[in-house]
Amino acid sequence: MLAAELRLHDVRVLVLEKETEPVSFVRIVGLHIRSIELMAMRGLLDRILERGRKRPAGGFFAAITKPAPKGLDSAHAYVLGIPQPVIVHLLEEHAIQLGAQVRRGCAVADFEQDDEGVTVELADGEQLRSRYLVGCDGGRSTVRKLLGVGFPGEPSRTETLMGEMEVGVPQEEIAAKVTEIHETNKIFSLRPFSEGVYRVVVPVAGVSDRAVPPTLEDFKQQLRTVAGTDFGVHSPRWLSRFGDATRLAERYRVGRVLLAGDAAHVHPPTGGQGLNLGVGDAFNLGWKLAAQIRGWAPETLLDTYQAERHPVAEDVLHNTRAQMELLSTEPGPQAVRRLLTELMDFDEVNRYLIEKITAIGIRYDFGAGPDLLGRRLRDIDVKQGHLYGLLHRGRGLLLDRTERLTVGGWSDRVDYLADSTAVLDVPCVLLRPDGHVAWIGDDQQDLDDHLSRWFGKPAN
């Protein structure tokens, strides 16, 4: 995703992928509301919708089964389940179509940076030179370790096995046993995925080496321990394990080297936020790093990447910690869970938690101003169709309901739409390329000041 964002601004990009082939196992991942909006902003949503399955946006916080509140502030108020290999392929295809290069079987072994750029050494000894390097290489990030950035937090205390496999007993028997176990264990689940295939999630006592994949026998043994039966599981599609380690990088940038995605933060998958958090990093960083490379970035623009995204990741870590506590089988957490379940019957509580999980509640700190300032703007109708359809090129946008302002010397970076009919409670908004509202008002001089703040000096 980051490669594609950079290519929108004509930045040369090389993606180094240590794996020689794309992932083969068909794990289903979920795109939350904000990620779906971001895909719509870049014209990707239609092809992604063709390959995914829409699901209601409720029941995510600690698996408390409450429906999504009505009237969520989005044109895409649903969650999209999509096979991991499919979303990876679609995003890689998108980046390549925009001109990114992808080299597989290339592992980063070392790098050195100086005032002009970064020299990267691959595992086979080849050296490459670039202006910047971004480590998107996961929780065990080589780039982060070589950079010497601390990764404080808590190690895994518990472990969970997850996989997809066929079962050998009737669905009614499975449903009855799962209902019984759910009285005390909210993590355990067997859910039908397709004809005869079930998604199996089962907690484990102790922590194993995550680098060692689990076996079918591991699943059988743990199912017998928790449920008293292994349900006759067989013919696995894929098997994996995950822990509840929770860590956040101390810094997202050191000089010309940056971190994004799981290289910058890891947490339990409760609520399904990890993929979406990484996509959000990419959209926040892409246009800023491109601006730096193209030479028009204001002096502090690249620093706002950490200033904005670090607190977002910190909030995700906090809410996943809370969710993991609420999934505990101990009496105290179960009492808190019952209380929160009651509180979520209040629309305001349910709405707040859903907006948090799906990232539509994020507000970056852009200073004092109306509540909309710093938030993303929903995909409203405009006279040219839909707002997000105007953001496909990854540029800023001035939506002018007064029809008397101008982007002037910033027209090479910011598009302009005069539309007095747009459904907004404010006269004009300036949107950043990531869709967040950078300015609200109707004064040209004030607008120019904010155009300079986010998009640098005018071209003329």
Enquirer: Tell me, yes or no, whether the heavy-atom count around Gln97 atom CD, taken from other residues, nucleotides or ligands under 6.0 Å, exceeds 12.
Expert: yes

Enquirer: Could you point out which residue of Glu92, Glu21, Glu19 forms a salt bridge (Lys or Arg N to Asp or Glu O under 4.0 Å) with Arg104?
Expert: Glu92

Enquirer: Just say parallel, tilted or perpendicular for the rings of Phe366 and Tyr364, cut-offs at 30° and 60°.
Expert: tilted

Enquirer: Working to the nearest 0.5 angstrom, can you tell me the gap between Leu391 CG and His386 NE2?
Expert: 13.0 Å

Enquirer: Show, in sequence, the C-alpha distance, side-chain angles and deciding distance for Asp449 and Arg453, and conclude whether the side chain to side chain contact (heavy atoms under 4.5 Å, CB included) test is met.
Expert: CA-CA 6 Å; Asp449 291 343; Arg453 173 184 175 183; over 6 Å; no

Enquirer: Just checking Lys66: does its NZ atom have more than 12 heavy atoms from other residues, nucleotides or ligands closer to it than 6.0 angstrom?
Expert: yes

Enquirer: Is Asp262 salt-bridged to Arg144, going by a charged N under 4.0 Å from an acidic O?
Expert: no

Enquirer: Using the salt bridge (charged side-chain N to carboxylate O under 4.0 Å, His left out) rule, collect all pairs that involve residues 39-56, keeping only residues at least two apart or in two chains.
Expert: Glu5-Arg42

Enquirer: Are any of the side-chain heavy atoms of Asn276 and Arg34 separated by less than 4.5 Å?
Expert: no

Enquirer: Is there side-chain contact between His267 and Arg321, with heavy atoms separated by less than 4.5 Å?
Expert: no

Enquirer: Tell me yes or no: between the side chains of Asp218 and Thr215, is some donor less than 3.5 Å from an acceptor?
Expert: yes

Enquirer: Centres of the Phe60 and His32 rings: under 6.0 Å?
Expert: yes

Enquirer: Which atom names give the shortest non-hydrogen contact between Met165 and Leu216, and what distance separates them?
Expert: SD-CD1, 4.1 Å

Enquirer: Are Leu275 and Ser35 side-chain neighbours, meaning at least one heavy-atom pair lies under 4.5 Å?
Expert: no

Enquirer: Just checking, is any N or O donor in the side chain of Thr320 or Gln273 under 3.5 Å from an acceptor N or O on the other one?
Expert: no

Enquirer: Take atom CZ of Arg247 as the centre, draw a 6.0 Å sphere, and report whether it contains more than 12 heavy atoms from other residues, nucleotides or ligands.
Expert: yes

Enquirer: Scan residues 304-327 for pairs that pass ring pair (Phe, Tyr, Trp, His ring centres under 6.0 Å), counting only residues two or more places apart or in two chains.
Expert: Tyr252-Tyr305, Tyr252-His310

Enquirer: Could you point out which residue of Thr160, Val266, Thr158 forms a side chain to side chain contact (heavy atoms under 4.5 Å, CB included) with Phe242?
Expert: Thr160

Enquirer: Applying the side-chain hydrogen bond (donor to acceptor under 3.5 Å, both in side chains) criterion to Thr119, which one of Gln127, Gln113, Arg129 satisfies it?
Expert: Arg129

Enquirer: Verify the neighbour count for atom CD of Glu299: are there more than 12 heavy atoms of other residues, nucleotides or ligands below 6.0 Å?
Expert: no

Enquirer: Do Arg103 and Glu126 meet the salt-bridge criterion of a basic N to acidic O distance under 4.0 Å?
Expert: yes

Enquirer: Within the supplied structure, the quantity of interest is the number of heavy atoms (other residues, nucleotides, ligands) at a distance under 6.0 Å from Tyr352 OH; does it exceed 12?
Expert: no

Enquirer: Without swapping roles, check the side chain of Arg7 against the backbone of Ala95 for a donor-acceptor pair under 3.5 Å.
Expert: no

